[in-house]
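The structure under discussion appears below in the form of structure tokens.
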Amino acid sequence: MSFVKYEELIKEGDTAIIFLGHGSMFPVQVQHGAQTQTKYGVIRHSAHLIGQPYGSRVTCSKGGWVYVLHPTPELWTLNLPHRTQILYSTDISIITMMLELKPGSIVCESGTGSGSLSHAIIRTVAPTGHLHTVEFHQQRAQKAEEEFREHRVDRWVTVRNQDVCKNGFGVSHVADAVFLDIPSPWEAIGHAKDALKVEGGRLCSFSPCIEQVQRTCQALAEHGFIEVTTLEILLREYNVRTANLPLPDLGGALDPLPVLGEAQFKIGVPLKETVGHTGYLTFASKSLF
Amino acid sequence: MSFVKYEELIKEGDTAIIFLGHGSMFPVQVQHGAQTQTKYGVIRHSAHLIGQPYGSRVTCSKGGWVYVLHPTPELWTLNLPHRTQILYSTDISIITMMLELKPGSIVCESGTGSGSLSHAIIRTVAPTGHLHTVEFHQQRAQKAEEEFREHRVDRWVTVRNQDVCKNGFGVSHVADAVFLDIPSPWEAIGHAKDALKVEGGRLCSFSPCIEQVQRTCQALAEHGFIEVTTLEILLREYNVRTANLPLPDLGGALDPLPVLGEAQFKIGVPLKETVGHTGYLTFASKSLF
Amino acid sequence: MEGTKGEGQPGGGTMANNAEQPRQQDHLVRDGDFVVLKREDVFKAVQVQRRKKVTFEKQWFFLDNVIGHSYGTTFEVSSGGNLQPKKMMEEITSETKEAGIDNRNIVDDGKSQKLTQDDIKALKDKGIKGEEIVQQLIENSTTFRDKTEFAQDKYIKKKKKKYEAVITVVKPSTRILSIMYYAREPGKINYMRYDTLAQMLTLGNIHAGNKMIVMETCAGLVLGAVMERMGGFGSIIQMYPGGGPVRAATTCFGFPKSFFNSLYEFPLGKVNSLLNGTFSSKALPSESKDSISVEENNGVLLDDLQTSPKEMEENIIEVIENNHPQQETMEVISQEPEYKDQKERGNKKDYIQEFQKKQEQQKKRQIEAAALLNERNADGLIIASRYHPTPLALSLLEFVASSRPFVIYCHYKEPLVECYTKLRERGGVINLRLSETWLRNYQVLPDRSHPKLMMSGGGGYLLSGITVANDKQKPESCTVELEKNEEPIAKKQKVEESEDLP
Amino acid sequence: MEGTKGEGQPGGGTMANNAEQPRQQDHLVRDGDFVVLKREDVFKAVQVQRRKKVTFEKQWFFLDNVIGHSYGTTFEVSSGGNLQPKKMMEEITSETKEAGIDNRNIVDDGKSQKLTQDDIKALKDKGIKGEEIVQQLIENSTTFRDKTEFAQDKYIKKKKKKYEAVITVVKPSTRILSIMYYAREPGKINYMRYDTLAQMLTLGNIHAGNKMIVMETCAGLVLGAVMERMGGFGSIIQMYPGGGPVRAATTCFGFPKSFFNSLYEFPLGKVNSLLNGTFSSKALPSESKDSISVEENNGVLLDDLQTSPKEMEENIIEVIENNHPQQETMEVISQEPEYKDQKERGNKKDYIQEFQKKQEQQKKRQIEAAALLNERNADGLIIASRYHPTPLALSLLEFVASSRPFVIYCHYKEPLVECYTKLRERGGVINLRLSETWLRNYQVLPDRSHPKLMMSGGGGYLLSGITVANDKQKPESCTVELEKNEEPIAKKQKVEESEDLP
């Protein structure tokens, strides 16, 4: 497997997702002779995983079973070790579309953080594009590089451990798109402009606070960016279940009483509590002039 | 009728709401001998309205018919002449609850604007409370006073034509609640504090822009207000209609094919376009200390 | 019309004679008051009583010391569970709050706090106040200064919550009780969010002087909200399923006795007999179904009782269960705050005598309620229950005058879609609207303003409308086709000359 | 697996051999390019052709002058419909923008503008540019200086829109075309909002090298978006109802020819025969149902044709109708940008010959598509149609490999609730999620930042999930009860010794 190419069978060194049900899952690195403990019992990698097709049902030692899934950037986002706040798929989706990413795109990103967005970008720009990602925290930069290697996507990504506000992205006039998720994005707009291709490109800045957005928009205008738009996207998820409303006893039928339907039905109910905010997304185009 | 008391029958001088259907309506002042033209023909006030019960169906001259409705603050909000941007019932509802308005409450408001909120406040605080409303635009203040008289609620409201930021509300230490809908609410926080009762009370400020909210919250903190919370409320309306989804032709039944339901069903669909923002509502309590 | 509605109603208040004048000392907490305790954003309703142990957010204390203080006063829990009034919290000094720019130098090794758990316990044992403990924790944190301002605030808030026990006593209101229920026991109010309740009160044009019909299974919260908005003026008929209405939340409002004079209750099970003219007050539900009435009646309350022994799983209201270990049906009928007297009298024989007396009274009140409903001139209808709304709406709308608003709440959208359709078929209603509200709170702080990270996913749905004359029910009504359009399109007849109003 | 999928696919690209190297001059507009015109927030897709009159936002002009300019260049319409490149707009001078504090002194009497309509017409006739007219309007407004800054900006924007005809030429992309369709012809894309499409592409893990099944009736927009994300690598089988797939929006992307080599189409009407092994390529839909095929096929396109005579009700795409007044079925099969040649050849006999040739080709392609589907190893499934999603999902999922994502769009929630239930019953799917997204745009301006006043009320709903091995379909499967839980709860067996992975 690699994060940018499906394969049929599980093999040594793969990162597989063990799915326990009801959204509960975790990643494992497949290794001859290794074992993984789950609540349903042990998974023996050599016997249960290697050589099996992805999507298989694996019966664990206690008789319970799990599914083994091919990794995708979206599953990784749900399972990765959090080294920072991460971006989730709802924001990632709109970022990818609004930055017009596709195979062949050259993208600059800062910070790398936990690599949630990085994996999604690499997936989209491969096999002909590239991601230049900048992370100022050394430990995090190293960990991200390791993960990219493990996920077999390292040829499409260059990790740099530097401060983007001071030192920029380390590349000049090559990028189709720049993404910023840093505390002071307005300090990096100049570097972003420099990283973008001469003939233009797209920029996105993610900020949780409106004051950051205000300063970033001002900096974007000062640097001649156009089509500056800010938006917010929220996921609204529905639980599908059977609802049961009792019919009230009004003391016997009244004539004419309308015929009442069955008070049991399938419904999609919104979750009681949901994510109310992740961040504001500001998009802009590099102007030609 | 009055806007604070239901009556059964339509009488001279009443403000009635002519309901044409599908949300289309307009107010009339009922007057002996007067006539009102509608798309369904003429309504003769003496013959069709006066002495009839509210809620009646009135057949107009062309044979079409309309309903005549008792006015309520909510119907007035939908039908009033706009002299300014107005507050709608969704915001008014949460303002009324969060300010803890009830019969007997003394309320200060600025600006009066088109009187949309004023009518709702008066309705809630009558018969034992009072509204002090301040409007800096003279023409608007006069028009509001006229309307309050016409709607027979003038005994529960005092209109003042002054600048609340300079001159305050004209009352001191009497209010249970203060409501601000002005361009620079932070300039009126001191006056608001002065208008509120010594033992405390509630405040609400409505502002379309986040920068106004930021300054207002700062001013509230400086003036010792507590429990400062900012919120946003949006109405999501659904059209109820019958949806029809054709079943695709997959080329004859496959065995075993699951039994498919009827592809026609009643649904509540969100409107394609809806109000995305009216304003931020900031609430606070006057601190005891 | 006011006159009509007042006739034959002993407790049916009119605008003038029922006004409760605010007392001079209304803002001071008195013994026996129903109050709400507030800590951070958590509320708990309780009745103030001397030497009563109250548990709130894992802390216990006595409320004796709040008596005589103003509502809004903040107290700190000191030794022996006594509450001490407290001035506004001092801000953490700006010197301590020197902030790092970002978190690049922070490595979490679990060793950043130099104070051990034993150190902290020692501080507590010495009687050091929570506020000071937090200050010490900050000073002994090796990473605090390197944290960003945002992270510092988060740290302080977390520690404060843990070590400071600061409680504010506030007056109950619809705002506070509806927020409290939604946050802590939403199941008891059918997951109705507070802003949804706010919409109902406004869309229903609830105000002094109304004659309202309320059908709710929201622990009495909706009833209380309607009563608050009517301020003792007008009358309310509460429809109830089972043996009697549930009013646990209503009690928490601490309304004056007089508010209950014009509050009636009528059993749902007799609605059809009332509508078809066969109503008889003979068989009261509490007589005929005595065995189930207690459970039906006090489902919520019994629930409370069952959980109260577990000290840690506290309830959000500590009013009824502390006074009445054995809840009686009659208590539900009129829950004026007279528990104390009963407690003193408190033996079984007195209870039985009083039970019979109350039952007599209940019968009389039911006949009065039936008479009020039979006038079929209610000023509005509010439905918010766990039952399917359609049969409730179709029958209860019969008691409403024309040109009056009605509002129906349901936790789900689908039943209201059906109700909408059925009401359209029935006719006599216009301006039907199916809606929900979206509510989000904000953090507004210098340079750190943003919507709160979590929000409610849904607060329930509302179907609202206005009653009008229903010609469809009359034999001489027009064709169904015409009615379906809500109003006719008649452009055939000649136009008469007319004169617009100015 | 890549190898398996490549077998027997003439056009099925692999990672290496199909890469389209970006051309050096790719950022310059060339004759024949598919471009998008942009004015304020309004888009229109058009093919660049010399001397072709284009109508956009009530203005007509020629695109000749855009050839050779960079994408992103802004043009102003000058006399004779010629486009002139334009530098960035100068800001209205700050002197003019001196703002009033509030609106207390403004009385609207309709007399605040001193320039008359005749004055303005005279300015226009003199060839004065729109920008200057706006400046003159401001200077001649008596109330402009008294307006608040907010009101001033609103005024300028309104006037600019009216008098300035500024058009930017941009490169088509999923972003632009999906925003364009949602804003102007949402009915043609089943009211799918652009962020919903964005979710589909991500949830579907669309990327280079995939073998995708796409079933859409969104004018080819979803297909185009999938093609863009795959960049010519991998293969796509488009399922279509009726006589042929609709790809009006796909054309607007202006993809290179090579992208269409690995794009296949397969008729929905043969899905069941393929599934039960009775498939035959003999009766192609275009042969058997010729009479209806054109309409079915090109419903969208014919629609365009019908409205095009009305000059004012312009279409959002001016690509196909301008080239093909009589749309042919075959055009739909592979819509490479080769219209020009045909136009030159343009007589009926050639068309018939070509029609037969294309039909042969079509038959061959269908057999190839059937073979691709029969491998039952697709990497994903995207459904976004006007049909009930349940039967589509149940049958098309049969062609998908296990451990692959699928995404189903529907304008309504209810059918997806049903689809969810049916898929659960079917088994072989996990992680089912029913969701929608909420999207709001902001105005961010100094001291005037707030969400946009209007927003979309709904952008449609998505049901997504992941395929897994479906043991339910095998005879040796477990009991239904067990399957329903998605995974078993088996804690009976003894725990084996084990060693956790690091």
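None of these values were measured; they are calculated from a predicted model. Atoms considered below: every heavy atom in the structure, side chains included; atoms not considered: hydrogens, waters and symmetry mates.
Contact of C/Thr168 with chain B is not made at all, since no heavy-atom distance falls under 4.5 Å. Heavy atoms closer than 4.5 Å to chain C are found in the backbone of B/Ile267, but not in its side chain. The contact between B/Thr90 and chain C is made by backbone and side chain atoms together, counting heavy-atom distances below 4.5 Å. Only the backbone of C/Ile206 comes within contact range of chain B, with at least one heavy atom under 4.5 Å from a heavy atom of that chain. Only the side chain of C/Tyr461 comes within contact range of chain B, with at least one heavy atom under 4.5 Å from a heavy atom of that chain. The parts of C/Leu439 that come within reach of chain B are both its backbone and its side chain, each placing non-hydrogen atoms under 4.5 angstrom from that chain. If you measure heavy-atom distances from C/Arg433 to chain B, the contacts under 4.5 Å come from the side chain alone. Both the backbone and the side chain of C/Ser70 come within contact range of chain B, judged by heavy atoms closer than 4.5 Å. Of the atoms belonging to C/Lys452, not a single heavy atom falls under 4.5 Å from chain B. Looking at C/Thr437, the atoms closer than 4.5 Å to chain B (heavy atoms on both sides) sit in the backbone and in the side chain alike.
Of all the listed residues (C/Thr174, C/Val417, C/Ile179), the one sharing the greatest number of non-hydrogen pairs under 4.5 Å with chain B is C/Val417. Of the listed residues B/Lys197, B/Met98, B/Glu232, B/Glu237, the one with more heavy-atom pairs under 4.5 angstrom with chain C than any other is B/Glu232. For the set B/Leu101, B/Ile95, B/Val240, the entry with the most heavy-atom pairs within less than 4.5 Å of chain C is B/Val240. With respect to chain C, the highest number of heavy-atom pairs below 4.5 Å among B/His70, B/Lys102, B/Arg236, B/Glu227 belongs to B/Arg236. Annotation: maximal heavy-atom pairing with chain C below 4.5 Å, among B/Lys266, B/Met25, B/Lys286, B/Arg202, occurs at B/Arg202. Contact count versus chain B (heavy atoms, under 4.5 Å) is highest, among C/Asp41, C/Leu201, C/Thr467, C/Asp195, for C/Asp195.
Within the 4.5 Å cutoff, no side-chain heavy atoms of C/Thr390 are placed close to those of C/Pro415.
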side-chain contact (heavy atoms from CB on, under 4.5 Å) between C/Met227 and C/Met230, intermediate numbers included: CA-CA 5 Å; C/Met227 289 171 75; C/Met230 289 175 57; 5.9 Å; no

Test log, rule side chain to side chain donor-acceptor pair (under 3.5 Å), inputs B/Ser116 and B/Thr77: CA-CA 5 Å; B/Ser116 175; B/Thr77 288; 2.9 Å; yes

Verdict with supporting geometry, B/Phe3 and B/Arg152, side-chain contact (heavy atoms from CB on, under 4.5 Å): CA-CA 7 Å; B/Phe3 270 51; B/Arg152 302 193 183 110; over 6 Å; no

Full working for side-chain contact (heavy atoms from CB on, under 4.5 Å) between B/Leu220 and B/Thr282: CA-CA 10 Å; B/Leu220 286 168; B/Thr282 300; 3.8 Å; yes

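Taking the six-membered ring where tryptophan is involved, the planes of B/Tyr67 and B/Trp65 are perpendicular, since the angle between them exceeds 60° and thus also 30°.
Between B/Glu199 and C/Lys171 there is no salt bridge, since none of the side-chain N atoms of the basic residue sits less than 4.0 Å from a carboxylate O of the acidic one. A salt bridge between C/Arg404 and C/Asp379 is present, with a side-chain N of the basic residue lying under 4.0 Å from a carboxylate O of the acidic one. Ion pair C/Lys413/C/Glu436 not flagged as a salt bridge, since none of the NZ, NE, NH1 or NH2 atoms sits closer than 4.0 Å to an Asp/Glu carboxylate oxygen.
For B/Asn239, the CG atom is densely surrounded, since the number of other residues' heavy atoms within 6.0 Å is greater than 12.
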